[in-house]
Amino acid sequence: MKTLVKWSVEDYHRMIAAGILSDRPVELLAGEIVEMSPETPIHYNTARRGTKYLEELLAGKAEVRFNGPVTLSSSEPEPDIAIVRLPESAYNERHPEPQDIFWIIEVANTSLQKDVDIKAAIYAEAGIPEYWVLNLAAKNIIVFREPENGKYLSEQTIEEGVIIPLAFVDVQVSVERLLG
């Protein structure tokens with residue numbers, strides 16, 4: 001029987017500072033250091049295009065981060081897109097934490113199961129109010145809301161039209177533009 005060591009966020013940061021994880025595509029998920037899936041061209045382009053689109057929509061309202069870490073109690077995932085509070089300079093010495101995060105977006109091409117199961121539980125446990133998964137295979141967006149006890153109580157799949165983010169009721173996000 002194997003006993004796995006659970007790493008703290010502080011342990012993870014020390015490993016990064018010591019260079020142990022240099023040039024390794026990993027993230028800390030629920031205390032485990034996990035290799036990140038390689039990005040396919042469509043995954044990268046969808047995330048990058050979505051980031052640019054959201055930057056236009058949210059200019060002066062929020063910082064839109066692309067492929068950057070967020071620090072949670074026992075995880076430090078690197079979501080494809082994180083929409084966080086301004087000012088950007090607040091993150092010069094630390095990554096955004098739950099109280100800074102409006103919502104998170106993951107792009108799923110080969111990682112759908114991980115994104116809707118593992119990452120949804122991690123984000124819900126951290127109290128992230130809203131989490132979207134752009135499902136490239138099905139050409140839809142899964143919107144998770146109402147985090148409670150490590151899960152989201154609301155899950156809606158949207159194929160077309162607009163989504164109004166909880167944090168910005170005056171903003172309409174086009175499903176078609178996000179999916180490309």
Rounded distance (nearest 0.5 Å) linking atom [atom1] of [X] with atom [atom2] of [Y]:
X: Glu106; Y: Tyr131; atom1: CD; atom2: OH; result: 4.5 Å
X: Ser174; Y: Glu160; atom1: OG; atom2: CD; result: 10.5 Å
X: Phe144; Y: Lys119; atom1: CZ; atom2: NZ; result: 13.0 Å
X: Met15; Y: Leu21; atom1: CE; atom2: CG; result: 6.0 Å
X: Asn140; Y: Leu179; atom1: CG; atom2: CG; result: 7.5 Å
X: Ile81; Y: Thr51; atom1: CD1; atom2: OG1; result: 3.5 Å

Atom of [X], atom of [Y] and distance for their closest heavy-atom approach:
X: Ala30; Y: Lys6; value: O-NZ, 3.2 Å
X: Lys61; Y: Phe102; value: O-CE1, 4.3 Å
X: Ser111; Y: Val107; value: OG-O, 3.7 Å
X: Leu72; Y: Pro98; value: CD2-CG, 3.7 Å
X: Gly68; Y: Pro79; value: O-CD, 3.3 Å
X: Leu178; Y: Gly50; value: CD2-CA, 3.8 Å

How about [X]: does its [atom1] atom have over 12 heavy atoms from other parts shown lying under 6.0 Å from it?
X: Asn149; atom1: CG; result: no
X: Lys151; atom1: NZ; result: no
X: Glu88; atom1: CD; result: no
X: Arg24; atom1: CZ; result: no
X: Gln99; atom1: CD; result: yes

Contact check, side chains of [X] and [Y], non-hydrogen atoms, under 4.5 Å:
X: Val9; Y: Ser73; result: no
X: Pro77; Y: Tyr123; result: yes
X: Ile122; Y: Glu125; result: no
X: Asp80; Y: His43; result: yes
X: Ile33; Y: Tyr12; result: yes
X: Val84; Y: Tyr91; result: yes
X: Lys114; Y: Leu112; result: no
X: Ile83; Y: Ile105; result: yes

Report task. In sequence, state the C-alpha distance, the side-chain angles, and the governing distance for Asp100 and Arg65, and then conclude on salt bridge (Lys or Arg N to Asp or Glu O under 4.0 Å). Result -> CA-CA 12 Å; Asp100 303 312; Arg65 296 171 61 92; over 6 Å; no

**Report entry** Thr71 and Glu97: CA distance, side-chain angles, deciding distance, side chain to side chain donor-acceptor pair (under 3.5 Å) verdict
**Finding:** CA-CA 5 Å; Thr71 302; Glu97 297 170 349; 5.6 Å; no

**Report entry** Arg85 and Glu63: CA distance, side-chain angles, deciding distance, salt bridge (Lys or Arg N to Asp or Glu O under 4.0 Å) verdict
**Finding:** CA-CA 6 Å; Arg85 296 186 190 286; Glu63 170 69 14; over 6 Å; no

Requested in this report: Could you go through the side chain to side chain donor-acceptor pair (under 3.5 Å) check for Ser8 and Asp11 one step at a time?
Outcome: CA-CA 5 Å; Ser8 69; Asp11 293 333; 3.2 Å; yes

Query - Residues Tyr152, Val116; criterion side chain to side chain contact (heavy atoms under 4.5 Å, CB included); working and verdict - result: CA-CA 10 Å; Tyr152 285 98; Val116 299; over 6 Å; no

